[in-house]
Amino acid sequence: MHEMGITQGILDAAIEAAHKAGASRITAVNVSVGELTEIIEDALQFAFDALKPDTLAADAVLNVTMITPRSHCNDCDIDYDHDRFQMVCPTCESFAVTPLNGRELQIDSIDTEDDSEE
């Protein structure tokens with residue numbers, strides 16, 4: 001399950017950012033994940049819940065936005081959405097396509113609190 005290593009990286013980055021911001025806890029980590037990454041959202045959630053105890057994110061939630069793949073056809077010059085298995089252009093059936101999105105893996109934002117906010 002490669003999601004465990006990916007989630008550890010997300011959690012490490014979130015904790016480092018929270019420390020730099022002077023936060024005492026993380027309440028949410030918001031990420032975008034492209035469907036072409038082959039990352040399974042449920043596995044990411046499971047890994048986050050397994051890794052977060054005894055960290056600044058112990059009570060945090062992981063909010064995942066899955067990004068639908070989109071490509072550009074280099075032959076007929078259209079952009080189109082597709083699933084992760086069928087990238088061929090729906091208009092001209094060309095395989096000469098350029099992926100535009102669907103491979104994202106990024107932290108969009110981290111919600112934090114500090115002790116003075118209570």
Side-chain angles (χ1 to χ4, degrees):
M1 177 166 91
H2 69 287
E3 286 84 357
M4 190 65 78
I6 290 166
T7 305
Q8 186 65 63
I10 291 169
L11 191 57
D12 290 346
I15 291 169
E16 181 180 339
H19 279 301
K20 286 181 181 178
S24 60
R25 77 184 128 273
I26 297 170
T27 58
V29 179
N30 307 297
V31 299
S32 291
V33 178
E35 291 177 10
L36 295 176
T37 63
E38 300 293 328
I39 294 172
I40 300 169
E41 183 178 357
D42 288 343
L44 207 62
Q45 292 286 355
F46 177 84
F48 187 78
D49 289 341
L51 293 168
K52 70 181 186 176
D54 302 321
T55 71
L56 291 181
D59 297 319
V61 295
L62 178 66
N63 298 310
V64 179
T65 300
M66 296 302 292
I67 306 296
T68 301
R70 186 166 183 78
S71 291
H72 175 80
C73 179
N74 299 319
D75 288 336
C76 71
D77 202 36
I78 67 159
D79 295 344
Y80 59 95
D81 293 339
H82 54 85
D83 65 20
R84 60 188 184 145
F85 302 109
Q86 184 66 18
M87 291 180 65
V88 66
C89 177
T91 301
C92 72
E93 298 183 357
S94 173
F95 289 96
V97 300
T98 303
L100 300 174
N101 61 355
R103 292 193 166 112
E104 300 82 358
L105 176 56
Q106 65 189 37
I107 298 174
D108 297 320
S109 63
I110 302 162
D111 300 336
T112 63
E113 293 179 354
D114 63 38
D115 290 333
S116 64
E117 293 176 359
E118 294 181 2

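In this structure, CD on E104 lies 10.5 Å from CD1 on I39, to the nearest 0.5 angstrom. The CD1 atom of I110 sits 10.5 Å away from atom CG of L56, with the distance rounded to the nearest 0.5 Å. In this structure, CD on E3 lies 9.5 Å from CD on E38, to the nearest 0.5 angstrom. In this structure, OG1 on T68 lies 8.0 Å from CG on N101, to the nearest 0.5 angstrom. Expressed to the nearest 0.5 Å, how far OG1 of T37 lies from CD1 of I67 amounts to 10.0 Å. Between atom OG of residue S94 and atom CG of residue D77 there is a gap of 11.5 Å, rounded to the nearest 0.5 Å.
Of the possible donor and acceptor atoms, one in the side chain of Q45 sits under 3.5 Å from a partner among the backbone N and O of L62. A distance-only check finds no donor-acceptor pair linking the side chain of E16 to the backbone of A14 [under 3.5 Å]. Judged purely by atom type and a 3.5 angstrom limit, D111 has no side-chain atom pairing as donor or acceptor with the backbone of T27.
Hydrophobic cluster membership differs between V33 and I40, with clusters built from Ile, Leu, Val, Met, Phe, Trp and Tyr side chains linked at under 4.5 angstrom. Two different hydrophobic clusters hold V61 and I15 under the rule that ILVMFWY side chains link at heavy-atom gaps under 4.5 Å. Clustering ILVMFWY residues whenever any of their side-chain heavy atoms sit less than 4.5 angstrom apart, transitively, puts Y80 in a cluster other than the one holding V88. The hydrophobic cluster containing L51 also contains I107, counting ILVMFWY residues as joined when their side-chain heavy atoms lie under 4.5 angstrom apart, directly or transitively. Under the 4.5 Å side-chain heavy-atom criterion for ILVMFWY residues, no single connected hydrophobic cluster contains both L100 and M87.
More than 12 heavy atoms of other residues, nucleotides or ligands sit less than 6.0 Å from atom CZ of R70.
A pairwise comparison of heavy atoms in C76 and T91 identifies SG-CB, 4.0 Å as the closest pair. Residue L11 comes nearest to F48 through the heavy atom pair CD1-CE1, 3.9 Å, listed as atom of the first residue, atom of the second, then distance. Taking both residues in full, the closest heavy atoms of D114 and G22 are given as CB-O, 3.8 Å, listed atom of the first, atom of the second, then distance.
In this structure the side chain of E35 never reaches within 4.5 angstrom of the side chain of D83, judged on heavy atoms. Taking the side chain as every heavy atom from C-beta outward, S71 and H82 approach each other to under 4.5 Å. Side-chain contact between F46 and T7 is absent, with no heavy-atom pair separated by less than 4.5 Å.
With hydrogens and angles left out, the side-chain atoms of D12 and Q8 include a donor and acceptor closer than 3.5 Å.
Residue pairs meeting the side chain to side chain donor-acceptor pair (under 3.5 Å) criterion with at least one member in residues 57-66, sequence neighbours excluded, are N30-N63.
Only one option out of I78, N74, D75 pairs with C89 in a side chain to side chain contact (heavy atoms under 4.5 Å, CB included); it is I78.
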